[in-house]
Amino acid sequence: MSKETKAKSIIEPRVLKGFRDFLPSMEIPKKAITNNLEKHFRSYGFVPIDTPILEYTEVLLGKGGGETDKQIFHFKDNGERDVALRFDLTVPFARFLAQHQSELSLPFKRFHIDKVWRGENPQKGRYREFTQCDFDIVGVDNAEADFEILSMMDSSFSVMGVQNYQFCIAHRGLFNTFLAHLGLLEMSVEILRTVDKLRKIGKEEVQKLLHELTGEGEKANAILQYISKEDEKEPFLTTLDRLTALAGGENPHSERMRTIYSYLHEAGIEEHFTFDPSITRGLDYYTGIVYETFLTELPHFGSVCSGGRYNDLAGLYTKEELPGVGSSIGLDRLLAALEELGSPIVSSASSADVAIFNTDVKHFSHYDRIARVMRKDGLRVAIYLLNKKIGVQYKWAETNAIPFAVLLSEDDVLSSTLTVKNLRTREVHNALSIEAAIALIRKSTRRLTTLGGR
RNA sequence: GUGGAAGUAGUUCAAUGGUAGAGCACCAGAUUGUGGAUCUGGCUGUUGCGGGUUCGAGCCCCGUCUUCCACCCCA
């Protein structure tokens with residue numbers, strides 16, 4: 001084949017809009033986060049499940065269709081079946097529950113970390129293929145389960161090493177009670193959708209829209225009063241009291257919120273939770289608490305973790321009523337946000353804890369012996385495999401964010417000692433025993449690697 | 001899906017319609033000799049892709065792809 005024809009036969013390497021490759025610098029922190037989350041979910045007694053990425057379109061959309069709303073990827077398979085890629089993990093989970101009821105014992109607590117697909121137009125932090133980290137409790141409708149999910153959200157963020165976030169909570173049921181009090185319950189869906197825009201378009205615009213919707217300025221004002229807090233820092237219970245009064249007095253929903261808050265307070269984590277009555281969530285299956293999570297430094301990035309309570313999740317697939325509460329972390333959006341913030345979680349992805357430099361290839365077996373001992377001790381060890389000058393090896397280690405280098409002089413080889421250099425501080429430690437070297441590396445990497453890729 | 005903006009070397013950015021350039025990065029060598037300094041030399045581009053206008057297009061026009069922004073929805 002001539003050079004020319006060969007060049008022409010090359011297929012342009014490219015990926016679809018909204019789909020992405022992950023280089024090690026992103027995949028390392030992503031894997032570190034999912035590993036930590038999985039461990040964390042299991043520590044709460046949650047179990048993993050898996051479901052197919054492809055389902056019957058009917059299963060994902062319900063009989064009615066409404067595919068334009070979901071912007072779902074769907075097509076005919078080779079057997080002419082109408083199939084679709086899952087657009088979240090909750091709907092397949094509902095199908096899963098209906099199908100395996102008899103094999104599961106309630107309450108059932110599961111987590112599921114995997115990719116989902118949506119045919120939306122991409123933007124920053126918004127993709128057509130992205131990973132969700134879901135955790136749900138099914139078969140319980142009480143404040144204790146609600147609290148456990150909220151508490152797990154809070155500890156998840158701390159396990160992921162993320163700081164400066166705020167959980168915004170509201171209660172769909174309480175809002176509907178309020179709307180019923182106003183005689184506007186039939187319009188609930190439209191009103192909720194409008195109210196949800198408060199954060200984006202502001203009070204005046206929302207009021208205008210509500211006025212058009214209800215046809216009555218007075219009712220529009222009442223709704224506006226419900227959803228807007230006097231100031232950002234209005235305490236949780238003050239908001240709750242205010243909303244309860246507007247909804248016509250204490251009711252099961254307000255009492256539920258009160259109990260949940262008391263648990264948050266007892267656990268000492270209440271400062272991360274705000275009562276934000278403008279949070280409604282678009283999905284109509286929510287019936288109880290709903291929440292969204294914003295990074296305080298990047299509120300316009302959108303929610304990085306949201307969910308709520310649904311009292312009849314699997315209703316499409318079974319007559320049995322299955323109440324549940326759950327939450328979903330948007331991992332790709334979170335990573336994009338952390339990257340934008342220059343977070344060390346993203347920028348410090350290292351391939352190894354220590355590099356063994358190839359100072360003389362005739363000692364390769366000796367390097368390998370040292371590497372084996374260190375690995376047995378849990379360190380990540382990379383031997384430099386090319387016979388290049390030392391400056392190049394330093395540069396390589398630096399590019400891969402490896403914090404330590406082992407260099408062996410002739411004396412070291414003879415006396416079975418190691419020279420260890422901290423590549424960040426450039427501090428050199430001579431004539432160490434292998435145990436001392438391991439201890440040294442351990443000591444200063446432990447703090448960094450809790451999130452760094454194990 | 002609809003509307004708007006932008007796409008030039010690995011990267012950050014230049015280039016009145018007239019020979020595509022600079023810094024950083026990278027590679028080789030010298031010097032150093034358990035690195036980042038210095039010196040010398042070098043490489044990198046079908047200006048996203050495909051058409052059109054023109055004697056001549058990175059620049060103008062049309063289409064297309066991708067990214068970013070808005071609507072919508074959301075993670």
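Values reported hereafter were calculated over all heavy atoms of this structure, with side chains retained and with hydrogens, waters and symmetry mates removed. Order of the sequence lines sets the chain letters (A, B, ...), proteins ahead of strands, with each chain counted from 1.
Under 4.0 angstrom from either OP1 or OP2 of B:C71 there lies no side-chain N or O belonging to A:Lys197. The shortest distance between the side-chain N/O atoms of A:Lys200 and the OP1/OP2 oxygens of B:C72 is not below 4.0 Å. One finds a side-chain N or O of A:Ser306 lying less than 4.0 angstrom from the OP1 or OP2 phosphate oxygen of B:A75.
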Please tabulate, one pair per line, all N/O donor-acceptor pairs under 3.5 Å involving side-chain atoms of residues 324-336 of chain A, not counting sequence neighbours.
from	atom 1	to	atom 2	distance (Å)
A:Ser328	OG	A:Asp134	OD1	2.7
A:Asp332	OD1	A:Arg20	NH2	2.8
A:Asp332	OD2	A:Thr131	N	2.4
A:Arg333	NE	A:Gly125	O	2.9
A:Arg333	NH1	A:Ser303	O	3.1

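Comparing A:Cys305 and A:Asn430 by the nucleotide of RNA chain B whose heavy atom lies nearest to each, the residue mapping closer to the 5' end is A:Asn430. Residue order along RNA chain B, read from the 5' end via each residue's closest nucleotide, puts A:Leu407 first among A:Leu407 and A:Tyr127.
When the options A:Val354, A:Ile356, A:Asp353 are evaluated for a side-chain contact (heavy atoms from CB on, under 4.5 Å) with A:Phe404, the one that passes is A:Val354.
Atom NE2 of A:His363 and atom P of B:U34 are 15 Å apart (whole Å). Summarising the geometry, the separation between CZ on A:Arg126 and C1' on B:G1 is reported as 13 Å, rounded to the nearest angstrom. When the P atom of B:A75 is taken as reference, atom CD of A:Gln71 falls 13 Å away, rounded to whole Å. Regarding A:Leu338, its CG atom lies at a distance of 14 Å from the C1' atom of B:A75, rounded to whole Å. Computed from coordinates, the A:Glu120 CD to B:U2 P distance equals 15 Å when rounded to whole Å. Between the P atom of B:G33 and the CD atom of A:Glu410 lies a distance of 18 Å, rounded to the nearest Å. For the pair A:Lys124 NZ and B:A5 C1', the interatomic distance rounds to 15 Å; values are reported in whole Å. To the nearest angstrom, P of B:A75 lies 20 Å from CD of A:Glu340.
A:Gln123 comes within 4.0 angstrom of a base, heavy atoms only. Looking at heavy-atom distances under 4.0 Å, A:Phe357 makes no contact with the nucleic acid at all. Counting non-hydrogen atoms under 4.0 angstrom, A:Asn121 reaches a base of the nucleic acid. Looking at heavy-atom distances under 4.0 Å, A:Lys421 makes contact with a base. If you check every strand for non-hydrogen atoms under 4.0 Å, A:Lys115 touches nothing. Using a 4.0 Å heavy-atom cutoff across all strands shown, A:Leu331 reaches no nucleic acid atom at all. Within 4.0 Å (heavy atoms only), A:Gly307 reaches no atom of the nucleic acid at all.
Taking the six-membered ring where tryptophan is involved, the planes of A:Tyr286 and A:Tyr310 are tilted, since the angle between them lies from 30° to 60°. The aromatic rings of A:Phe111 and A:Phe41 are tilted relative to each other, their planes meeting at an angle between 30° and 60°. Classification of the A:Phe96-A:Phe108 ring pair by plane angle, with boundaries at 30° and 60°, yields parallel.
Using modelled atom types and a 3.5 Å distance limit, the side chains of A:Tyr165 and A:Asp154 yield a donor-acceptor pair.
Taking the P atom of each, B:G18 and B:G23 are spaced 24 Å apart, rounded to whole Å. Here, B:U40 and B:C24 have their P atoms 12 Å apart, quoted to the whole Å. Nucleotides B:U8 and B:A15 place their P atoms 14 Å apart, quoted to the nearest Å. Here the separation of B:G17 from B:C59, taken at their C1' atoms, is 7 Å to the nearest Å. Taking atom P on both nucleotides, B:C71 is separated from B:C13 by 26 Å, rounded to a whole Å. Here, B:C27 and B:C43 have their C1' atoms 7 Å apart, quoted to the whole Å. The gap from the P atom of B:C68 to that of B:G51 amounts to 28 Å, rounded to the nearest Å. The C1' atoms of B:G10 and B:G45 are separated by 12 Å, rounded to the nearest whole Å.
On a pure distance criterion of 3.5 Å, a polar donor-acceptor pair joins the side chain of A:Arg333 and the base of B:C74. The base of B:A75 is paired with the side chain of A:Arg118 by a donor and an acceptor separated by under 3.5 Å.
For A:Lys395, the side-chain atoms get nearest to B:C26 when compared with the rest of B:G35, B:C26, B:U67. Here the side chain of A:Tyr394 is nearest to one of B:G1, B:A75, B:G35, namely B:G35.
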Query raised in the report: Pairing of RNA chain B as dot-bracket, 5' to 3': ( ) intra-strand, [ ] crossing, | other strand, . unpaired, with Watson-Crick or G-U pairs under 3.5 Å?
Result: (((((((..((((....[..)))).(((((.......))))).....(((((..]....))))))))))))....

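Taking NE2 from A:His112 and CD from A:Glu38, the interatomic distance works out to 11.0 Å, rounded to the nearest 0.5 Å.
Both tests do not hold together for A:Arg309 against A:Tyr291: distance to the six-membered ring centre under 6.0 Å, angle to the ring axis within 45°.
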Query raised in the report: For A:Asp276 and A:Thr274, what are the C-alpha separation, side-chain angles and deciding distance, and is it a side-chain hydrogen bond (donor to acceptor under 3.5 Å, both in side chains)?
Result: CA-CA 6 Å; A:Asp276 183 342; A:Thr274 318; over 6 Å; no

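Taking the six-membered ring for Trp and the full ring otherwise, A:Phe175 and A:Tyr226 have centroids separated by under 6.0 Å.
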